[in-house]
Trainee: 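The structure is given below, and queries will be raised subsequently.
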Amino acid sequence: MITRRGFLKFIRNLTLIGAAFGAYAFVIEPGFLLRTQFYSFTPPGWTPGLKLRLVLLADPHLVEPHMPLSRWQRIIASANQLEGDLILLMGDYVAGHFFRTGTVPVAEAAKAAGHLRAPLGTFAILGNHDWWDDLTAQKRGTGPILAQRALEDNHIPVLANAVRRLEKDGHPFWLSGTDSTVAIKKGRRRFEG
């Protein structure tokens with residue numbers, strides 16, 4: 001015969017198990033899914049006849065166990081299958097997460113990104129976490145940072161407040177990139193870009 005105390009323990013354990021499965025299903029698992037979103041638009045003032053297919057990879061935050069190098073490599077393979085004219089890396093290659101089992105060196109992340117292929121090339125910008133992870137750059141108050149060097153060592157130009165003139169089908173256009181506006185930590189909630 002089950003006692004009242006035993007019944008309450010059973011209900012408590014059942015509730016905890018349900019909460020754990022719910023947390024996994026609605027918080028953890030969606031973070032591991034690769035989401036590919038397609039957009040089609042024409043910006044105001046765009047050159048008539050110029051059609052570009054861009055592939056953007058944003059904020060990978062490589063860190064074990066959430067975003068291991070093997071997952072980043074699968075994302076890169078998927079990006080290549082999209083056959084974009086241009087691939088853009090949107091920063092935050094490193095992660096400062098507290099809950100981690102290991103780190104992914106930015107040099108390894110950049111080496112993997114070096115396998116991206118697009119007719120007009122692959123270009124990158126840097127994110128705040130890329131800056132914050134480089135303690136030497138934080139101390140100096142300036143770059144270039146480790147992430148930039150790693151990407152450039154793998155033939156990926158970094159557009160840090162820079163532009164590049166490109167051309168497709170006889171139509172020239174400009175690609176611009178900005179650096180992080182919160183790159184250098186200057187104190188609590190104070191940053192310099």
Side-chain angles (χ1 to χ4, degrees), residues 31-39 52-97 100-169 172-185 193:
F32 287 104
L33 298 175
L34 177 60
R35 290 181 212 111
T36 303
Q37 182 66 49
F38 294 91
Y39 297 96
L52 286 175
R53 186 177 177 103
L54 306 177
V55 176
L56 283 71
L57 301 178
D59 298 285
H61 290 280
L62 281 95
V63 67
E64 299 280 350
H66 313 293
M67 178 64 92
L69 185 60
S70 59
R71 183 171 181 218
W72 179 233
Q73 291 165 330
R74 287 192 306 273
I75 290 169
I76 288 165
S78 295
N80 282 334
Q81 290 175 353
L82 294 172
E83 298 178 344
D85 296 313
L86 189 62
I87 299 177
L88 306 174
L89 299 174
M90 306 305 290
D92 284 343
Y93 312 102
V94 298
H97 300 314
R100 67 168 104 195
T101 59
T103 59
V104 177
V106 71
E108 291 298 314
K111 183 177 178 183
H115 293 281
L116 288 164
R117 298 289 176 256
L120 298 178
T122 300
F123 295 86
I125 60 170
L126 303 170
N128 57 316
H129 288 273
D130 302 318
W131 276 93
W132 297 349
D133 191 63
D134 190 334
L135 299 180
T136 304
Q138 288 295 310
K139 190 174 183 178
R140 280 191 325 253
T142 187
I145 61 172
L146 294 172
Q148 181 174 352
R149 286 193 212 113
L151 289 162
E152 289 173 347
D153 286 348
N154 286 280
H155 312 289
I156 299 174
V158 175
L159 298 177
N161 301 325
V163 297
R164 183 72 62 97
R165 185 183 185 276
L166 300 172
E167 187 174 311
K168 183 183 179 218
D169 300 329
F173 66 96
W174 291 92
L175 178 67
S176 66
T178 60
D179 214 342
S180 176
T181 59
V182 291
I184 306 297
K185 295 179 181 180

Trainee: What are the two closest heavy atoms between Val104 and Leu69, and how far apart are they?
Mentor: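 Smallest heavy-atom distance, with atoms named: CG2-N, 4.1 Å.
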Trainee: Between side-chain atoms of residues 108-119 and protein atoms elsewhere (two or more places apart, or another chain), which donor-acceptor pairs fall under 3.5 Å?
Mentor:
{"unit_1": "Arg117", "atom_1": "NH1", "unit_2": "Gly114", "atom_2": "O", "d": "2.8"}

Trainee: Please report the closest heavy-atom contact between Val55 and Ala79, naming both atoms and the distance.
Mentor: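 Residues Val55 and Ala79, closest heavy atoms: CG1-CB, 3.9 Å.
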Trainee: If the condition is side-chain contact (heavy atoms from CB on, under 4.5 Å), which residues does Thr136 pass it with, not counting sequence neighbours?
Mentor: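 Checked Thr136 against side-chain contact (heavy atoms from CB on, under 4.5 Å); matches are Asp134, Arg140.
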Trainee: So which pairs with a foot in residues 155-167 pass salt bridge (Lys or Arg N to Asp or Glu O under 4.0 Å), sequence neighbours left out?
Mentor: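 Sorted pair list: Arg165-Glu167.
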Trainee: For a side-chain contact (heavy atoms from CB on, under 4.5 Å) with Leu151, tell me which candidate from Val106, Ile156, Asp130 qualifies.
Mentor: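 Among Val106, Ile156, Asp130, the one meeting side-chain contact (heavy atoms from CB on, under 4.5 Å) with Leu151 is Ile156.
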Trainee: Rounded to the nearest 0.5 Å, what separates atom CD in Gln138 from atom CH2 in Trp132?
Mentor: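 Reported to 0.5 Å precision, the distance equals 8.5 Å.
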Trainee: How would you list, by chain and number, every residue that makes a side-chain contact (heavy atoms from CB on, under 4.5 Å) with Asn161, sequence neighbours excluded?
Mentor: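 Checked Asn161 against side-chain contact (heavy atoms from CB on, under 4.5 Å); matches are Thr178, Asp179.
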Trainee: Taking all non-hydrogen atoms of both residues into account, name the closest pair between Ser180 and Gly127 and its distance.
Mentor: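 The answer is CB-C, 3.9 Å.
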Trainee: Which distance, rounded to the nearest 0.5 Å, do you find between the CG of Leu120 and the CG of Leu52?
Mentor: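 One finds 7.0 Å between CG of Leu120 and CG of Leu52.
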Trainee: Nearest 0.5 Å, please: how far is CG in Leu54 from CZ in Phe123?
Mentor: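 Reported to 0.5 Å precision, the distance equals 11.5 Å.
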Trainee: Taking only distance into account, with no hydrogens and no angle test, what donor-acceptor pairs under 3.5 Å do side-chain atoms of residues 82-96 form with protein atoms, sequence neighbours excluded?
Mentor:
{"unit_1": "Asp85", "atom_1": "OD2", "unit_2": "Arg53", "atom_2": "N", "d": "2.7"}
{"unit_1": "Asp85", "atom_1": "OD2", "unit_2": "Lys168", "atom_2": "NZ", "d": "3.2"}
{"unit_1": "Asp92", "atom_1": "OD1", "unit_2": "Asn128", "atom_2": "N", "d": "3.2"}
{"unit_1": "Asp92", "atom_1": "OD1", "unit_2": "His129", "atom_2": "N", "d": "2.9"}
{"unit_1": "Tyr93", "atom_1": "OH", "unit_2": "Leu89", "atom_2": "O", "d": "3.3"}
{"unit_1": "Tyr93", "atom_1": "OH", "unit_2": "Gly91", "atom_2": "N", "d": "3.2"}
{"unit_1": "Tyr93", "atom_1": "OH", "unit_2": "Ile125", "atom_2": "O", "d": "2.7"}

Trainee: Can you list, pair by pair, the side-chain donor-acceptor contacts under 3.5 Å of residues 142-150, counting residues two or more places apart and other chains?
Mentor:
{"unit_1": "Gln148", "atom_1": "NE2", "unit_2": "Glu152", "atom_2": "OE2", "d": "3.2"}
{"unit_1": "Arg149", "atom_1": "NH2", "unit_2": "Pro144", "atom_2": "O", "d": "3.0"}

